[in-house]
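Worksheet: one structure, shown below.
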Amino acid sequence: MLPPVTPPSDLRNRLLLALPPQDLAELWPLLEPAELPFREVLQTPEQPMVAAWFVETGMVSMLATLDDGDGAEVGLVGHEGFVGLPLLLDDDRDDLEGVVQMAGTGYRISAEAFRAALERLPDLRRLLNRYALVHHGQVARTGACNGRHQIDQRLARWLLMAHDRVEGDTLPFTHEMLSMMLAVRRAGVTVAAGALQKAGLIRYGGGRITITDRPGLEAVACECYGIVRRARDRLFGLPPGEIPYRW
């Protein structure tokens with residue numbers, strides 16, 4: 001008999017790490033390592049999902065697209081989450097698109113195996129249900145933020161959310177990409193980014209943005225960042241304000 005396959009010691013996905021050890025051991029053989037290349041589509045609007053993905057590194061944007069091809073980001077998934085909420089919620093499709101905005105890695109599980117695991121492992125379903133609520137709060141807060149707050153506040157919020165999910169302080173994002181993330185014109189992003197750079201909070205150029213003063217960026221961001229972060233911290237049992245969310 002072959003020895004059981006055990007998860008690696010450098011596992012990064014927080015949902016997988018939060019599972020009871022026996023549940024993770026049972027789930028692990030069903031997870032396949034997967035590359036998440038830039039612009040890879042993990043969830044296609046109105047199309048059946050064939051798999052769920054637990055993100056290890058990189059970042060996935062959940063996008064609401066319109067008939068004219070325009071759209072906006074409504075959610076962000078990194079190592080704290082997974083892509084596949086329709087499968088968790090007893091459906092197989094959604095009207096949102098899940099696109100890799102920063103290349104990385106993750107673990108893929110087929111839709112069939114995922115559903116079966118949810119039936120066998122009640123702690124897995126409970127944990128993912130709680131994550132679904134946190135992610136719903138992020139989506140709702142993003143909508144309110146985009147409708148009510150100034151562009152520089154929204155840009156600071158988004159940069160902090162992205163910074164939480166990556167290693168290092170440099171993010172590979174252009175103004176064009178950020179305009180889609182924030183649902184504003186590119187000129188508005190340029191003005192807001194220029195103001196943050198002039199204040200010494202970021203440095204940008206060549207399609208990259210470097211966070212140079214995170215506390216200062218947190219001071220500029222609206223309250224939406226803190227609300228969403230505290231919800232994530234509660235999910236993983238972190239004392240608010242005491243343990244950094246970043247790895």
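Computation of the quantities below employed the complete heavy-atom set of this structure, encompassing side-chain atoms and omitting hydrogens, waters and symmetry-equivalent molecules. Counting begins at 1 with the first residue of the sequence. Fair warning: this is a prediction, and the values are worked out from it, not measured in the lab.
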For this session: Tell me, please, which residues at least two apart from Glu32 pass salt bridge (charged side-chain N to carboxylate O under 4.0 Å, His left out).
Result: none
Problem set entry | For Phe82, all residues meeting ring-ring contact (aromatic ring centres under 6.0 Å, His included), sequence neighbours excluded | Phe54, Phe114, Tyr131
Seminar exercise, completed: Heavy atoms of Pro48 and Arg93 approach each other most closely as CG-NH2, 3.3 Å
Problem set entry | Arg115 side chain near Leu87 side chain, heavy-atom distance below 4.5 Å | yes
For this session: Could you tell me whether Arg214 and Asp164 make a salt bridge, using a distance below 4.0 angstrom between a side-chain N and a carboxylate O?
Result: yes
Problem set entry | Heavy-atom closest contact (Ala156 atom, Val220 atom, distance) | CB-CG1, 4.1 Å
Exercise. Taking the side chain as C-beta and beyond, is there a heavy-atom pair between Leu159 and Leu196 under 4.5 Å?
Worked result: yes
For this session: Kindly indicate, with the supporting measurements, whether the criterion side chain to side chain contact (heavy atoms under 4.5 Å, CB included) is fulfilled by Arg120 and Glu26.
Result: CA-CA 10 Å; Arg120 293 195 313 273; Glu26 183 172 341; 2.8 Å; yes
Exercise. Centre of Phe236's six-membered ring, under 6.0 Å away, within 45 degrees of the axis: is that where NZ or CZ of Arg14 sits?
Worked result: yes
For this session: Could you pull out the closest heavy-atom pair between Ala192 and Ile151, with the gap in Å?
Result: CB-CG2, 3.6 Å
For this session: Indicate, with yes or no, if Leu85 and Tyr107 share a hydrophobic cluster defined by side-chain heavy-atom contacts under 4.5 Å among Ile, Leu, Val, Met, Phe, Trp and Tyr.
Result: yes
For this session: Go through the steps to decide whether Arg12 and Glu167 satisfy the test salt bridge (charged side-chain N to carboxylate O under 4.0 Å, His left out), and finish with yes or no.
Result: CA-CA 12 Å; Arg12 298 176 63 87; Glu167 293 181 341; 3.2 Å; yes
For this session: Without swapping roles, check the side chain of Arg232 against the backbone of Glu80 for a donor-acceptor pair under 3.5 Å.
Result: no
Problem set entry | Test item: Ser61 and Leu76 side chains (from C-beta on) under 4.5 Å apart, heavy atoms | yes
Exercise. Sub-3.5 Å donor-acceptor pair from the side chain of Thr212 to the main-chain atoms of Leu201, do we have one?
Worked result: yes
Exercise. Atom CG of Leu178 and atom OG1 of Thr190: how far apart are they, to the nearest 0.5 Å?
Worked result: 9.5 Å
Exercise. Got more than 12 heavy atoms from elsewhere within 6.0 Å of CZ, Arg148?
Worked result: no
Exercise. Given side chains that start at C-beta, do those of Ile227 and Arg141 come closer than 4.5 Å, heavy atoms only?
Worked result: yes
Exercise. Who pairs with Gln138 by side-chain hydrogen bond (donor to acceptor under 3.5 Å, both in side chains), at least two apart in sequence or on another chain?
Worked result: none
For this session: State whether the side chain of Asp92 and the backbone N or O of Met49 hold a donor-acceptor pair below 3.5 Å, judged by distance alone.
Result: no
Seminar exercise, completed: Taken to the nearest 0.5 Å, the spacing of Phe38 CZ from Gln101 CD works out to 6.0 Å
Exercise. Is Leu89 reachable from Val139 through a run of I, L, V, M, F, W or Y residues, each pair having side-chain heavy atoms under 4.5 Å apart?
Worked result: yes
Exercise. Quick one: does Arg165's side chain have a donor or acceptor within less than 3.5 Å of a partner on Met161's backbone?
Worked result: yes
Exercise. Got a donor-acceptor contact below 3.5 angstrom from the Glu40 side chain to the Pro37 backbone?
Worked result: no
Problem set entry | Full working for side chain to side chain contact (heavy atoms under 4.5 Å, CB included) between Thr210 and Ile202 | CA-CA 5 Å; Thr210 299; Ile202 66 171; over 6 Å; no
Problem set entry | Ion pair Arg126/Asp123, N-O distance below 4.0 Å | yes
For this session: Apply side chain to side chain contact (heavy atoms under 4.5 Å, CB included) to the pair His149 and Cys224, showing each step before the final yes or no.
Result: CA-CA 9 Å; His149 290 142; Cys224 299; 3.5 Å; yes
Problem set entry | Separation of Glu223 CD from Arg157 CZ (nearest 0.5 Å) | 10.5 Å
Problem set entry | Leu17 reachable from Leu127 in the ILVMFWY side-chain graph, under 4.5 Å edges | yes
Problem set entry | Smallest separation among heavy atoms of Leu88 and Ala132, with atom names | CD2-CB, 4.0 Å
Exercise. Is there a donor-acceptor pair under 3.5 Å between the side chain of Thr44 and the backbone N or O of Gln47?
Worked result: no
Exercise. Say you draw a straight line from CZ of Arg108 to CG of Leu42; how long is it, rounded to the nearest 0.5 Å?
Worked result: 10.0 Å
Exercise. Can you name the closest pair of heavy atoms from Ala117 and Leu30 and give their distance?
Worked result: CB-CD1, 4.5 Å
For this session: Answer yes or no: are there more than 12 heavy-atom neighbours, outside Arg203 itself, under 6.0 Å from its atom CZ?
Result: no
Problem set entry | Side-chain heavy-atom pair Arg229, Glu218 within 4.5 angstrom cut-off | yes
Problem set entry | Residues forming a side-chain contact (heavy atoms from CB on, under 4.5 Å) with Glu97, sequence neighbours excluded | Val41, Pro45, Leu63, Thr65, Val99
Exercise. How long is the span from the CG atom in Asp152 to the SG atom in Cys222, to the nearest 0.5 Å?
Worked result: 9.5 Å
Problem set entry | Shortest non-hydrogen separation from Val74 to Ala64 and the atoms involved | CG1-CB, 4.0 Å
For this session: To the nearest 0.5 Å, tell me how far Leu15 CG sits from Leu24 CG.
Result: 11.5 Å
Problem set entry | Those residues that, when tested against Asn129, pass side-chain hydrogen bond (donor to acceptor under 3.5 Å, both in side chains) (two or more places apart) | none
For this session: In sequence, state the C-alpha distance, the side-chain angles, and the governing distance for Arg208 and Tyr204, and then conclude on side chain to side chain donor-acceptor pair (under 3.5 Å).
Result: CA-CA 6 Å; Arg208 295 182 177 276; Tyr204 68 87; over 6 Å; no
For this session: List the steps and the verdict of side chain to side chain donor-acceptor pair (under 3.5 Å) for Glu56 and Thr105.
Result: CA-CA 5 Å; Glu56 283 275 285; Thr105 60; 5.5 Å; no
Exercise. Does any non-hydrogen side-chain atom of Met62 lie less than 4.5 Å from one of His135?
Worked result: yes
Seminar exercise, completed: Residues at least two apart in sequence or cross-chain that pass ring-ring contact (aromatic ring centres under 6.0 Å, His included) with Trp158, listed by chain then number, are Phe173
Exercise. In terms of hydrophobic clustering (I, L, V, M, F, W, Y; side-chain heavy atoms under 4.5 Å; direct or indirect links), are Val166 and Leu182 co-clustered?
Worked result: yes
For this session: Decide yes or no for Thr57 and His79: does some side-chain heavy atom of the first lie under 4.5 Å from some side-chain heavy atom of the second?
Result: no
For this session: Might you work through the side chain to side chain contact (heavy atoms under 4.5 Å, CB included) test for Leu124 and Leu128, ending with a clear yes or no?
Result: CA-CA 6 Å; Leu124 173 64; Leu128 297 187; 3.8 Å; yes
Problem set entry | Hydrophobic cluster identity match, Val50 and Leu96, side-chain contacts under 4.5 Å | no
